[in-house]
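Note: hydrogens, waters and symmetry copies are ignored here, and every other heavy atom, side chains too, is used. One-based numbering, in listed order, for ligands and for the atoms of each. Bear in mind that the values here come from a model prediction, so they are computed numbers and not experimental data.
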Amino acid sequence: MVGQAIGTKLVQAGNHVTMGSRSASNESALAWAAPLGERATCATFAGAAAAGEIAFDCTSGAHSVRVLGAVEPDLRGKILIHVGNPLDFSRGMPPSLTVCNTDSLGEQAQRALPATHVVKALNTMNCDVMVDPALVPGDHHLFLCGNDARAKASVTRHLHEWFGWKPANVIDLGDITASRGMEMILPLWLRIWQVLGDAHFNVRVMHGG
Ligand SMILES: NC(=O)c1ccc[n+]([C@@H]2O[C@H](COP(=O)([O-])OP(=O)(O)OC[C@H]3O[C@@H](n4cnc5c(N)ncnc54)[C@H](OP(=O)(O)O)[C@@H]3O)[C@@H](O)[C@H]2O)c1
């Protein structure tokens, strides 16, 4: 869902996108690429990591760190936008968090990729809203964090160019440890989704200063 939403928008904006999967002949990935033309291609996770200038990790949280560790050499020196959430659905709904409080999936990803600039972003909203913030009226906010200021500035610029996120609505929460809070919002997000019956909502931060 997330990889295809992001990939489609990026291709439509003129970028080349390689969709990674466990298999280069993943049927869902091939069906995604077919109508998008030559700028959309499919590969293994390693192939996608090698092809991209900037990578998105949109893998299931339960497998994210293992997948990233396996493609570590291909991501050195690059920016990785980490979108995944550490959700464990093995005991049904609602899912629980596999990691929280003193660690996070974003930090685990950064540890697995010591030579990559991991920027945690976009994980606190539904994928339709990620790529089209105008689905939610008015100003609302996107959180990001990471250890490298230049990588975060670059991601902020790209999120504006690619998806239309106003830089003023992007809140930089600091280093990668802020992933903890960004991921721990998920139980609240899931309950709001259940109550509203609709995923097209987001958080707006108001302050009096
Ligand atoms: N859905 C949303 O709107 C949303 C919003 C915010 C954040 N997120 C987070 O974004 C991530 C992606 O979510 P999603 O809903 O698009 O899909 P998902 O079903 O959570 O994840 C699909 C991805 O995980 C990979 N995967 C699944 N099982 C695997 C395994 N055993 N080993 C290695 N890779 C495996 C899949 O690879 P294959 O292609 O090979 O199957 C595919 O790349 C999740 O971490 C989710 O929590 C989702």
Side-chain angles (χ1 to χ4, degrees), residues 1-10 17-34 40-49 51-52 55-72 74-75 80-90 92-100 104-110 112 118-133 135-136 140-145 155 159 163 165 179-194 196-203:
M1 244 177 106
V2 177
Q4 294 195 2
I6 289 174
T8 300
K9 196 77 172 194
L10 290 176
V17 174
T18 306
M19 179 73 71
S21 299
R22 280 166 285 182
S23 151
S25 56
N26 179 296
E27 279 182 20
S28 168
L30 291 171
W32 164 79
T41 51
C42 301
T44 59
F45 287 129
F56 286 84
D57 176 25
C58 310
T59 56
S60 146
H63 307 289
S64 172
V65 174
R66 187 168 44 78
V67 170
L68 293 175
V71 302
E72 190 274 334
D74 295 308
L75 291 174
L80 175 99
I81 303 177
H82 195 270
V83 186
N85 283 309
L87 300 179
D88 175 8
F89 292 92
S90 64
M93 289 293 279
S96 54
L97 298 173
T98 57
V99 57
C100 63
S104 63
L105 200 56
E107 290 163 271
Q108 292 178 349
Q110 183 62 84
V118 175
V119 176
K120 184 90 192 179
L122 297 165
N123 71 303
T124 57
M125 63 195 73
N126 164 264
C127 57
D128 300 332
V129 179
M130 292 179 195
V131 300
D132 186 5
L135 280 176
V136 178
H140 49 95
H141 292 104
L142 182 152
F143 304 114
L144 62 73
C145 71
V155 170
L159 292 174
F163 307 145
W165 280 97
S179 297
R180 298 172 194 180
M182 288 171 61
E183 294 170 7
M184 286 192 284
I185 207 170
L186 258 292
L188 175 63
W189 189 96
L190 288 159
R191 182 56 74 104
I192 296 172
W193 173 50
Q194 187 185 348
L196 293 182
D198 186 298
H200 294 170
F201 63 89
N202 194 21
V203 171

* N or O contact, S21 vs ligand 1, cut-off under 3.5 Å -> yes
* So, is F45 polar-close to ligand 1, with some N/O to N/O distance under 3.5 Å? -> no
* Kindly confirm or rule out an N or O of V2 lying under 3.5 angstrom from an N or O of ligand 1. => yes
* Check ion pair E107-K120 (N to O, under 4.0 angstrom) -> no
* Asked: Can any side-chain N or O of E183 pair as donor or acceptor with the backbone N or O of G106 at less than 3.5 Å?
  -> yes
* **Contacting atoms of ligand 1, where contact means under 4.0 angstrom from a heavy atom of C58** => 11 (C), 12 (C), 23 (C)
* Asked: So among N126, V203, N123, N202, which one has a side-chain contact (heavy atoms from CB on, under 4.5 Å) with W189?
  -> N126
* Interfacing atoms of ligand 1 (cut-off 4.0 Å, heavy-atom, G84) -> 9 (C), 10 (O), 45 (O)
* Asked: Should G20 be counted as touching ligand 1, given the test is an N or O pair under 3.5 Å?
  -> no
* Among the heavy atoms of M130, does any lie under 4.0 Å from an atom of ligand 1? -> yes
* Structure fact -> Numbered in order shown, the ligand 1 atoms found under 4.0 Å of a heavy atom of M125 are 5 (C), 6 (C)
* To do: Take every heavy atom of M19, measure it against each atom of ligand 1, and state whether any distance is under 4.0 Å.
  => no
* Do ligand 1 and S60 have nitrogen or oxygen atoms that lie under 3.5 Å from each other? -> yes
* Asked: If you measure from OG1 on T59 to NE2 on H82, what distance do you get to the nearest 0.5 Å?
  -> 6.0 Å
* Considering only the protein, which heavy-atom contact is closest to atom 17 (O) of ligand 1, and what is its distance? -> M1 N, 4.5 Å
* Structure fact -> ligand 1 atoms nearer than 4.0 angstrom to some heavy atom of N126 are 3 (O)
* Between H200 and W193, does the ring centre distance come in under 6.0 Å? -> no
* **Contacting atoms of ligand 1, where contact means under 4.0 angstrom from a heavy atom of N26** => 38 (P), 39 (O), 40 (O), 41 (O)
* Record the part of D128 in heavy-atom contact with ligand 1 below 4.0 Å; permitted values are side chain, backbone, both and neither. => neither
* To do: Using only heavy-atom distances, determine whether the side chains of S64 and D57 contain a donor-acceptor pair under 3.5 Å.
  => yes
* Enumerate the atoms of ligand 1 whose separation from the nearest heavy atom of V67 is less than 4.0 angstrom. => 33 (C), 34 (N)
* Between H63 and ligand 1, which part of the residue brings a heavy atom under 4.0 Å of the ligand: side chain, backbone, both or neither? -> side chain
* Structure fact -> Min over V129, L105, V83, T124 of heavy-atom distance to atom 9 (C) of ligand 1 lands on V83
